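Some notes on the structure that comes next.
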Amino acid sequence: MAAHSAVLSMSKIINPFWGGRLGNTVKVFGTTLTSHRNKTLLTGENIPPPAKYGGRHTVTLIPGDGIGPELLNHVREVFRFSCVPVDFEVVNVNSALETDDDMNNAITAIRRNGIALKGNIETKHTMAPSVKSRNNLLRTSLDLYANVMHCQSLPGVQTRHKNIDIMIIRENTEGEYSSLEHESVSGVVESLKIITRNNSLRIADYAFKLAREKGRRRVTAVHKANIMKLGDGLFLQCCREVASGYPDITFDSMIVDNTTMQLVSKPHQFDVMVMPNLYGNVVSNVCAGLVGGPGLVPGANYGNAYAVFETATRNTGKSIAGKNIANPTAMLLASCMMLDHLKLYDHATMIRHAVLKTMNETRLHTADIGGQGTTSEVVQTIMRIIQSGGQLTTEL
Amino acid sequence: MTARSVRSLPGVLKSVFSNRLSRVYGAAACNQRHKSTYTPPPARYGGRHTVTLIPGDGIGPELAHHVRELFRFCCVPVDFEVVNVDSSMASEDDINNAIMAIRRNGVALKGNIETNHNLPPSYKSRNSLLRTTLDLYANVMHCQSLPGVRTRHKNIDIMIIRENTEGEYSSLEHENVPGVVECLKIITKTKSLRIADYAFRAARATGRRRVTAVHKANIMKLADGLFLECCKEVASGYPEISFDSMIVDNTTMQLVSRPQQFDVMVMPNLYGNVVSNVCAGLVGGPGLVPGANYGEDYAVFETGTRNTGKSIANHNTANPTAMLLASCLLLDHVKLHAYASMIRRAILSTITETRLHTADLGGQGSTSEVVQSIMNAVQSTGPQTLSI
C-alpha cells in the first residue's frame, strides 16, 4: 500500500539502526490500522519504535473537559516558547457522546505515539450506566497498570505540614474500578472488586523496582485485609513475596483507615506506598491535599509500552473552566515528567526549575493556594524565567 | 420455672413482664443468631439499668475497667454485665453469647475485638458479625474539635453517618479461578433509604443545615448510583435541609484543606471507614472520638475508630477520653442525661490541662492520672459520689 512504500522509502533515510526493525514497523502499521481497542499482546517485537523523526517527538494530546483545554494550551505555549522538540497530535474526545469512537481514535493515537498528555474527560452521571468512564477505558485498554504520584512539599507554598515526600504507587487497572456491576434482584446491586495475582505481583514489583531506583528505604502496602480477607489478603501476600526479593528495602503494611488517620497527623513516616485502586484514589487525594491541593501535583500512568501523563488528582475543574484562575503547575510538572520520559532531560529541568521558582512568588499564587494570580500571569512569569536562564527561546 | 418467679415479683412489675415473659424466654433459649423482631423492654429494674460490657482486646479491658471505676464513683445507676469474647478461638460461641446478652439488655459498651489475620478466611470479623446480626445499621461519629487539644485545624464540627451493615463489608469473596479473587460489594435500595432517612432525621433533630452524600458514582455507577439516588429521594422530603453530594476522593482532599465546610455526611461502609478516620485524625487522633452504632432495637457504643491498640495495651498510656465519651453517649441513650453531662463536663475540663495529655496527644500523662483527675472534677462539682 502507499503507506508501506512510504515507510520503506523513509527507512533508507533514517539511520540503519531502524533497518533491522523495519518488519516491525509494518506490523505496527497493521496494528494501528485495525481500530481494535482490545489489549494487544505486547510482546517485545510489537512495541512501536519511539515516534521520533528528525529529532522531534510526537506526543498525543487529549484536551479533555473543564480546565483541560486551557491548561494544555499553556503547555503548548511554554513548549513552543522554549523550543522543545515535541509536536503535539491533538485528539479531541467528546464526553457527551454515547459511542466509543472518539475514545478509540484517542487510543489508536496513543498506540501510534507511545506517549500522551491528557486532561480529564468528564463522566456524566446522567448518562446510562453502560457508558463507561472514558478515562478508565483508556487506562485499561492500554494496560497502564501503574499510577505513580510523587507528593512533595513545594517551597513557597504554605501548608500545615512541611517536608512531605511520599511516593504513591497505585494499581491502575483492576480492583474496584472493574466496572463490573449487576442488579440480579431489583433494589440489590452487586459491584465486583477483582484482585488478581498477576496484577498484584506486577504492581508490587514495579513499586519495589522504583523504590530501589530512587534509593528509597521503605515500602508500605495499604490494604483492608481484616475485612476483605481473600481480596486484599491476596494483594498483601503478593507484596510480601516480592518484598522478599528486595532485602535492602523494608516492607510493612497498614490498614487503610489507620493510614489515612496517620497521614493527617504524621505524614512524615511514609516513604513509598503501594496499594490497590480505590485506596490509591483516596490516599493520593489526601496526600495531594496535604501538599497544597489538586493544582500542584502531577501524575503519571505507566504501562509496559505506553505512558500517559496528567494531573494526579484527575480533576475536571468544571466550575473554574475558562476563568483563567486554574493552577497550571500540575499540568506543567506533568509535562516535565513527560519530557523526562522522552529523555529530554535538559528541557525538563529547565521548565521544572522555572515552575518552582515561580511558586516562590506569593503574589502569583492562584486561587486554589490562596492567592489572586491568574493562570496567564503564572505562565508568563515561567516563560520569562526560562528566557532569563539563557536558553534558546522564541520571542515572548 | 421462670413464670412462677415472675409471679413472685411485686405486682407493679408483673403486669409489665408477665404477658411478654414466655416469648422472651423462648427467644433467649434458642441459640440462633437470626434477627429477632421482638423488642425487649428496657433492662431496668429498681431504677438501675443493665448494660452489656464486652471488653475486647488490646486496650479494651483496661479502658472498660476505668469506665466501671468512674461509674461506680459517680454512683451512676448502671450495672455492667461483662461478656468476654475470645478472638483467638475459631468457634462462634463467644460472640453468640455476647449477641444474646445485648439482645437481652438492649444496650452495650464494647472494646474492639481483634481479627487475627492468621486464621482462615472463613473466620469472619467478630465486630462485623455483631453489627450485622443486631442490624446496627447506622454508625454515628461526631467529630468536634476539643478545647485544649492543639490541632492543625480549628473549629471542626462534622457528624459522620456511615452505613454499617452492607457495602464492602459483606464478607462475600470467592476465588473461581486460582489467582483471581472477586469481592462483592452489595448496595441495596432498602438499606440505602434507611441510612439516608436516619441521616436526615438526625440532622433535623440536631438542627443541622446540610447533608453531604459521599460516593464514587462516576466509577461504580450502579452501586453508588443507587445509593445517591436513595439519598436524593429522602432529601426531597426534608426541604429545610440542603443536600449535596461529593466524590470520595475530592471529599478527602477537601477534608485535609478545609474541613469546616462539612456539616453532616452520609456514606456507604468503606468510604465511611476512611472518612471517619480522616476526621478523627483532624480533631486529634483515635483517643478522642467516641462512636455509636444504632439499630432499630439495639445500640452499641465504642470508640469511633475501633482501634485495638495492641502495642500500647497495659502500658497505662492509652487515652481514656474516647471510651469515656462513648459511655456518656450510652448514658444519654438510656436517658440518664444528668449523669452524662456531669461526666462529659469533667472530661472536657481535664482535656484542657495539657500536663495530663496522654502520649497520643503529645503529652506524658498516664491513663490513671487522667481518670483520677476526671473523678476529682466530678467530685468538686458537688453531686453525690463515693469517697475517692
Side-chain angles (χ1 to χ4, degrees), chain A residues 123-125 128-129 131-133 136 160-161 176-177 179-183 186-198 224-234 236 256-265 278-279 281-286 288-290 292-294 313-315, chain B residues 115 117 120-121 123 125 128 151-153 168-169 171-175 177-190 216-226 228 248-257 270-271 273-278 280-282 284-286 305-307:
Chain A
T123 308
K124 282 200 172 51
H125 295 209
V131 179
K132 299 200 195 312
S133 158
N136 200 18
R160 292 188 173 89
H161 304 263
E176 297 81 354
Y177 286 46
S179 298
L180 292 166
E181 301 177 293
H182 53 263
E183 193 168 357
S186 95
V188 178
V189 175
E190 292 183 348
S191 178
L192 274 84
K193 159 179 167 164
I194 316 278
I195 302 271
T196 54
R197 197 174 155 72
N198 286 344
K224 188 90 187 152
N226 52 341
I227 301 287
M228 285 178 256
K229 294 167 185 289
L230 282 186
D232 286 347
L234 176 61
L236 206 52
V256 62
D257 49 15
N258 193 19
T259 307
T260 43
M261 189 156 60
Q262 299 286 332
L263 271 173
V264 295
S265 41
L278 185 68
Y279 312 145
N281 189 11
V282 172
V283 168
S284 57
N285 274 268
V286 173
L290 292 176
T313 46
R314 302 174 178 164
N315 297 102
Chain B
T115 309
H117 291 213
Y123 174 92
S125 158
S128 193
T151 50
R152 293 188 172 89
H153 304 263
E168 297 81 353
Y169 287 46
S171 297
L172 292 166
E173 303 180 288
H174 52 264
E175 193 169 357
V177 175
V180 178
V181 174
E182 293 183 348
C183 300
L184 274 84
K185 162 180 165 164
I186 316 280
I187 301 273
T188 53
K189 196 171 161 77
T190 26
K216 188 87 188 155
N218 52 343
I219 300 288
M220 285 178 259
K221 294 166 183 286
L222 281 186
D224 285 348
L226 177 61
L228 205 53
V248 62
D249 51 15
N250 193 18
T251 307
T252 43
M253 189 157 60
Q254 299 285 332
L255 270 173
V256 295
S257 40
L270 184 68
Y271 312 145
N273 188 11
V274 171
V275 169
S276 55
N277 275 267
V278 172
L282 292 175
T305 47
R306 304 173 178 165
N307 296 102

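Every chain is numbered from 1, with letters handed out A, B, ... down the list of sequences. Values in this document were obtained by computation on a predicted structure and should not be read as measured data.
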Task: chain B contact via A:Leu263 - side chain, backbone, both or neither, heavy atoms under 4.5 Å - done: neither
Task: Leading residue by heavy atom contact count with chain A [cutoff under 4.5 Å; candidates B:Gly285, B:Gly281, B:Gly179] - done: B:Gly179
Task: Check: A:Ile194 main-chain N/O paired with B:Glu182 side-chain donor or acceptor under 3.5 Å - done: no
- [ ] Among the options B:Leu222, B:Thr252, B:Thr305, pick out the one with the most heavy-atom pairs lying under 4.5 Å from chain A.
- [x] B:Leu222
Task: Distance-minimising heavy-atom pair for B:Cys183 and A:Gly231 - done: SG-CA, 3.7 Å
Open item on the list: I'd like to verify something: which residue of A:Lys193, A:Lys224, A:His182 has the highest number of heavy-atom pairs under 4.5 Å with chain B?
Closed with: A:Lys193
Open item on the list: What verdict does the side chain to side chain contact (heavy atoms under 4.5 Å, CB included) test give for B:Asp249 and A:Val286, after you've listed the backbone C-alpha separation in whole Å, the side-chain angles of each residue and the deciding distance to 0.1 Å?
Closed with: CA-CA 8 Å; B:Asp249 51 15; A:Val286 173; over 6 Å; no
Open item on the list: Could you measure the distance from the OG atom of A:Ser191 to the CG atom of B:Leu184? Nearest 0.5 Å is fine.
Closed with: 8.5 Å
Task: A:Glu176 side chain near B:Met220 side chain, heavy-atom distance below 4.5 Å - done: yes
- [ ] Could you go through the side chain to side chain contact (heavy atoms under 4.5 Å, CB included) check for B:Val181 and A:Thr196 one step at a time?
- [x] CA-CA 6 Å; B:Val181 174; A:Thr196 54; over 6 Å; no
- [ ] Measure distances from B:Leu255 to the heavy atoms of chain A and classify the residue's part below 4.5 Å as side chain, backbone, both or neither.
- [x] neither
TODO: Among the options A:Asn226, A:Val282, A:Asn315, A:Asn281, pick out the one with the most heavy-atom pairs lying under 4.5 Å from chain B.
DONE: A:Asn281
Open item on the list: Under 4.5 Å from any heavy atom of chain A, what part of B:Pro286 do you find: side chain, backbone, both or neither?
Closed with: both
Task: Main-chain N/O of A:Leu230 paired to B:Glu175 side chain as donor or acceptor, under 3.5 Å - done: no
Open item on the list: Donor-acceptor pair, distance only, cut-off 3.5 Å: does the side chain of B:Arg152 make one with the backbone of A:Ser265?
Closed with: yes
Task: Region of A:Leu192 that comes under 4.5 Å of a non-hydrogen atom in chain B - done: both
Open item on the list: Please check this pair: side chain of A:Arg160 against backbone of B:Ser257, looking for a donor-acceptor N/O pair closer than 3.5 Å.
Closed with: yes
TODO: Check each atom of A:Gln262 against the heavy atoms of chain B and say whether the ones under 4.5 Å are side chain, backbone, both or neither.
DONE: neither
Open item on the list: As an exercise: rank B:Val256, B:Asn307, B:Asp224, B:Val275 by heavy-atom pairs under 4.5 Å with chain A and give me the winner.
Closed with: B:Val256
- [ ] Report yes if the side chains of B:Glu173 and A:Lys229 come closer than 4.5 Å at any heavy-atom pair, otherwise no.
- [x] yes
TODO: Heavy atoms only, distances under 4.5 angstrom: which of A:Arg314, A:Glu190, A:Glu181 has the most pairs with chain B? Name it, please.
DONE: A:Glu181
Open item on the list: Within the 4.5 Å heavy-atom criterion, are A:Asn285 and B:Asn250 side-chain neighbours or not?
Closed with: no
Task: Chi angles and distances behind the side chain to side chain contact (heavy atoms under 4.5 Å, CB included) call for B:Ser125, A:Ile227 - done: CA-CA 7 Å; B:Ser125 158; A:Ile227 301 287; 4.2 Å; yes
- [ ] With the side chain counted from C-beta on, respond yes when B:Lys221 and A:Thr123 share a heavy-atom pair under 4.5 Å apart, and no when they do not.
- [x] yes
Task: Which atoms of B:Leu226 approach chain A - backbone, side chain, both or neither, heavy atom under 4.5 Å - done: side chain
